[in-house]
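Scroll down for the structure; my scribbles are underneath it.
This structure is a prediction, so every number in the text was calculated from the model and none was measured. Naming convention: chains lettered A, B, ... in sequence-line order (proteins, then strands); numbering from 1 in each chain.
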2 protein chains.
Amino acid sequence: MPKRVGLRDIAEALNVSITTVSRALNDKFDINPETKKVILEKAEELNYRPNAFAVSLRKNEYNTIGVILPTIDHYFFSTVLKGIMNKAHNSNYLVLIGESGHQTDKEQQIMDQFINHCVTGVIISTTVGSEVKDTLEPLRRRRIPFIQVDRPAGDKDDPYVRYDDEKGAFLATEHLIDRGFKKIALIKGPDICNISNARLSGYQLAMEKYNLPFDPRFVKSGNNIDFAENGYHLARQVLLAKNRPDAIFTITDELATGVYRAAKELNLRIPDDLGIVGYSNSKISTHLSPPLTTVEQPGEEMGEQAFDFLQQSIIGNASDLSKTFDARLIIRDSSLKSIQILNSIATNG
Amino acid sequence: MPKRVGLRDIAEALNVSITTVSRALNDKFDINPETKKVILEKAEELNYRPNAFAVSLRKNEYNTIGVILPTIDHYFFSTVLKGIMNKAHNSNYLVLIGESGHQTDKEQQIMDQFINHCVTGVIISTTVGSEVKDTLEPLRRRRIPFIQVDRPAGDKDDPYVRYDDEKGAFLATEHLIDRGFKKIALIKGPDICNISNARLSGYQLAMEKYNLPFDPRFVKSGNNIDFAENGYHLARQVLLAKNRPDAIFTITDELATGVYRAAKELNLRIPDDLGIVGYSNSKISTHLSPPLTTVEQPGEEMGEQAFDFLQQSIIGNASDLSKTFDARLIIRDSSLKSIQILNSIATNG
DNA sequence: AAAAAAACCGTAAACGATTACGAAAAGCAG
DNA sequence: CTGCTTTTCGTAATCGTTTACGGTTTTTTT
């Protein structure tokens, strides 16, 4: 491995001091234009690049942000990351990234690594686990700014960028009710997952508002909400019971795809026999047949917003750095019961 | 912002030298266990973390790898990244990542940033553009090891991890022929995309092998191969012509989803009226109806392999560091023409 | 008890850059 | 030609570590 060329190499080659070389390369004023020209040429010739480690150390400016996500090969999170990186690149920040794999200990390990690397700020989507306090503690202690994404888990005043999950679920449920569905089941995640809970809550609110009974047998919980297989099994459970629902709201699009399969197997037409609404507007949703009605979740925007907030926080802007993105429903065919059926219900009801 | 606590702070608090503190923290031998204990306690109390920038600078060991991908919110690339990060984390490497967005200049910008940050190695999936030579040149000049993923663009002896695209396309086409399809169309990408070309070539080989005519009108090129809409339009073009194909092979699953939509609109049953095979085994493929026959592309494995090779290259192992993953077809229903039809063809033919 | 060895710790020089400070040289006014 | 300013450049300290080296002090050996 050839040694990196440094200021010293340029200096020695030209018989000037390191200081002078530094001055030339950094556009300082007190330098002879003549000398500067020669130095710049030499630097170009030797392909000199400043050692960012040395520069950062000396200037005490480490333009680095860390991003910790539970998983990276997941459409929502990868778009969040994309949003962060777009902005970060423009602001000349370096992006370190870590994947916690939903494991709190790994999350903390990564955080440790980040702190060693003097990150100026952190964007994190915390694990569903409980010891989140310990994850954020090292940041707080060192006053390292951080923004939580999607899963605020810290104190109420910790800045975050999230989505109005409750309202999203409310809109989804309300929409189903609107279209004439009455027995709406919910397929959700584990009880410790606060996102799942928020969506459950939105579902309940809508049911209450329209005086529909809340039937616990219509609420099924799965472990992995990103796994279509789970949606399939839970859908079967609820569809094979004697009092089967006429619509299912799943808290992710992946679960919904499982429901599609179950419905097909049981010869239930979508949406006439079974209305379906998903959540996240992932790529799959447009490609299902019929296309899936779902709740929008603008990952890229959220990522960009998170970075903006982080930057504000870094430069010491103390204003409110939290934002809840408003929920929006994307209506497609999976929830649009055909007019005839809708009418017959209307006349019969 | 509170100053970071450094060795000096611990040293001053205990009235020992910085050297001694360093020794204690780094498990050196020549230190009194008693002193060591006190120092460790103090370090813990002050929440000391070594400044990785200083350590790297001094030891001249920058355990950092850079990853450059054309895009990050794409299933294949995000799984590649996942594979890289798994391995990298275990080997205590820091991962810098950059998204080129298919733009060569941005790619080079990122490369510059990486070099400033003294990356020990780079994993890159180059842009389809032409000036790739300039992208890799800075690495070569500095003897920084690199591994190309998926899109080898440099010299023949540059290490790479790729997939046998030609064979994949061959298998896909051969399979369609095997199942009784004769008029097989291809939906591909732009001519400058070497991946697209490799798959085209595989398609041609299969057609030749089985003495099927190569009809240029059956080959349609789109710009964005990750965009289902493109597949839809190209499929319409080819399906509405007077001599329509009985099967379509698309070089990505996304294009295939567009074909599904076109087929549905034209009341063509899949696979009886139209066989379809995609490429990449992305999540969507299992959820289409019927499930899509596709060519496997094991992103995570490829990412892990790339990291392994990179590490070999870093430690100076000069052996052959390139691998072409063998192609494998995943057969699902979209290409399985029902037996009756297959028989009737057999008897009539 | 003297010599040798071992144990423990501090001084100072690196790593590659930036920057405060001062010195030499050159220009200019009188 | 003297004294002052300006231009140009080098010396040395610094960022936070690691580490070669040397110096004490203590222990072991003979």
What string of B, S and - do you get for nucleotides 20-25 of chain D, 5' to 3', when a contact is any protein heavy atom under 4.0 Å?
-> ------
Report, as yes or no, whether the 6.0 Å neighbourhood of atom CZ on B:Arg141 holds more than 12 heavy atoms from other residues, nucleotides or ligands.
-> yes
Please tell me which of the listed nucleotides, C:dC15, C:dT19, C:dC9, lies nearest to the side chain of A:Lys28?
-> C:dT19
Would you say the side-chain atoms of A:Thr324 pair up with the backbone N or O of A:Tyr163, donor to acceptor, closer than 3.5 Å?
-> no
Nucleic acid contacts - residues 48-57 of chain B versus DNA chain D, non-hydrogen atoms under 4.0 Å | B:Tyr48, B:Arg49, B:Pro50, B:Asn51, B:Ala54, B:Val55
For residues 111-118 of chain A, tabulate all N or O donor-acceptor pairs below 3.5 Å that involve a side-chain atom, not counting sequence neighbours.
| residue | atom | partner | partner atom | Å |
| --- | --- | --- | --- | --- |
| A:Asp112 | OD1 | B:Arg49 | NH1 | 3.0 |
| A:Asp112 | OD2 | B:Arg49 | NH1 | 2.7 |

C:dC8 phosphate, OP1 or OP2: any side-chain N/O from B:Thr20 under 4.0 angstrom?
-> no
Under 4.0 Å between a side-chain N/O of B:Lys3 and OP1 or OP2 of D:dG16, yes or no?
-> yes
Is A:Ser91 reaching over with its side chain to a backbone N or O of A:Ala88, donor-acceptor style, under 3.5 angstrom?
-> no
Hey, is the side chain of B:Lys59 poking within less than 4.0 Å of OP1 or OP2 on D:dT17, counting only N and O atoms?
-> no
Run the ring pair (Phe, Tyr, Trp, His ring centres under 6.0 Å) check on A:Tyr160 and A:Phe309 step by step: do they pass?
-> CA-CA 9 Å; A:Tyr160 60 81; A:Phe309 279 161; 8.9 Å; no
With a 4.0 Å cut-off, would you call B:Arg4 and B:Asp9 a salt bridge?
-> no
OP1 or OP2 of D:dT11 less than 4.0 angstrom from a side-chain nitrogen or oxygen of A:Ser17, does that happen here?
-> no
Any ion pair linking A:Arg162 and A:Asp150 (charged N to carboxylate O, less than 4.0 Å)?
-> no
